[in-house]
Amino acid sequence: KPKPLGLGDGMVMGKPLKEIMNLTTKTDTLAFSPDSQVLAIASRMKKDAMRLVHMPTLTVFSNWPTSRSPLHYVHSLAFSPGGGFLAVGNARGRVLLYRLCCTTTHELKCQEAAT
């Protein structure tokens with residue numbers, strides 16, 4: 001009999017707490033923010049295929065990235081140690097740096113960091 005693993009208020013017995021269906025291709029890049037509040041997921045198989053998930057509510061932020069976010073094909077993701085920045089590495093050899101400001105559980109304010 002599998003032993004349950006404690007996760008917050010719920011218990012896990014071999015089935016997922018949530019399935020995130022917002023990407024249509026396989027997810028191959030993941031990164032948790034340092035406080036585990038946000039999970040960044042991406043697929044390098046499709047242009048601009050990246051989403052951010054608010055972990056306490058298991059909901060995907062709907063307002064970012066937008067169709068105007070120049071992500072290209074995302075190959076790597078990393079949060080800064082304090083969680084205020086997200087670095088996105090892409091197939092063009094660029095690293096895009098975004099400042100993250102969470103205003104509510106369903107809205108995220110992001111701005112490109114100055115270069």
Side-chain angles (χ1 to χ4, degrees):
K1 185 174 182 179
K3 191 173 184 179
L5 302 172
L7 272 183
D9 295 332
M11 299 299 279
V12 176
M13 293 285 279
K15 68 179 193 178
L17 295 173
K18 175 81 173 182
E19 289 185 37
I20 300 162
M21 307 301 285
N22 295 71
L23 296 178
T24 58
T25 57
K26 74 174 187 168
T27 301
D28 51 23
T29 305
L30 302 165
F32 276 98
S33 63
D35 62 2
S36 299
Q37 294 289 305
V38 178
L39 170 64
I41 59 174
S43 173
R44 66 179 68 192
M45 298 179 75
K46 188 173 178 183
K47 189 175 179 186
D48 302 326
M50 188 190 90
R51 299 291 180 268
L52 299 178
V53 182
H54 182 253
M55 292 308 295
T57 60
L58 297 174
T59 56
V60 175
F61 288 102
S62 60
N63 66 323
W64 195 83
T66 68
S67 59
R68 293 180 9 178
S69 302
L71 301 176
H72 197 55
Y73 293 91
V74 176
H75 280 233
S76 59
L77 300 164
F79 286 91
S80 64
F85 292 92
L86 173 64
V88 179
N90 66 27
R92 291 182 173 161
R94 295 188 176 136
V95 176
L96 309 169
L97 185 62
Y98 293 95
R99 180 185 305 272
L100 304 178
C101 303
C102 192
T103 57
T104 68
T105 58
H106 300 289
E107 188 174 311
L108 190 71
K109 286 187 179 176
C110 294
Q111 65 185 51
E112 247 181 283
T115 55

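Keep in mind it's a predicted model, so treat the numbers as computed, not measured.
- Pairs of residues two or more places apart, or lying in two chains, never qualify as salt bridge (charged side-chain N to carboxylate O under 4.0 Å, His left out) while including a residue from residues 80-98.
- The side chain to side chain contact (heavy atoms under 4.5 Å, CB included) test applied to Leu58 returns Leu17, Lys18, Met55, not counting sequence neighbours.
- Summarising the geometry, atom CG belonging to Asn63 is positioned 8.0 Å from atom CZ belonging to Phe61; distances are rounded to the nearest 0.5 Å.
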Can you list, pair by pair, the side-chain donor-acceptor contacts under 3.5 Å of residues 69-83, counting residues two or more places apart and other chains?
unit_1: Ser69; atom_1: OG; unit_2: Trp64; atom_2: NE1; d: 3.4
unit_1: Ser69; atom_1: OG; unit_2: Thr66; atom_2: N; d: 3.1
unit_1: Ser69; atom_1: OG; unit_2: Thr66; atom_2: O; d: 3.4
unit_1: Ser69; atom_1: OG; unit_2: Thr66; atom_2: OG1; d: 3.4
unit_1: His75; atom_1: ND1; unit_2: Arg44; atom_2: NH1; d: 3.3
unit_1: Ser80; atom_1: OG; unit_2: Gly83; atom_2: N; d: 3.3
unit_1: Ser80; atom_1: OG; unit_2: Gly84; atom_2: N; d: 3.3
unit_1: Ser80; atom_1: OG; unit_2: Phe85; atom_2: N; d: 3.1

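- Take Lys46 and apply the side chain to side chain donor-acceptor pair (under 3.5 Å) test, not counting sequence neighbours, and it matches Thr24.
- Closest approach of Thr25 and Ser43 over heavy atoms only: OG1-OG, 2.6 Å.
- Using a 4.5 Å cut-off on side-chain heavy atoms (C-beta onward), Leu86 and Leu52 make contact.
- Taking both residues in full, the closest heavy atoms of Val88 and Met50 are given as CG2-SD, 4.0 Å, listed atom of the first, atom of the second, then distance.
- In this structure, CG in Asp28 is found 8.0 Å from CE in Met45, a value given to the nearest 0.5 Å.
- Val53 is connected to Leu30 through a chain of hydrophobic side-chain contacts under 4.5 Å among Ile, Leu, Val, Met, Phe, Trp and Tyr, so both are in one cluster.
- Partners of Arg51 according to the salt bridge (Lys or Arg N to Asp or Glu O under 4.0 Å) rule, which considers only residues two or more places apart in sequence or in another chain, do not exist here.
- Note that the CD1 atom of Ile20 and the OG1 atom of Thr27 stand 8.0 Å from one another [nearest 0.5 Å].
- With rounding to the nearest 0.5 angstrom, the CG atom of Asn22 is 9.5 Å from the OG atom of Ser62.
- Ser33 is linked by a side chain to side chain donor-acceptor pair (under 3.5 Å) to Asp35, counting only residues two or more places apart in sequence or in another chain.
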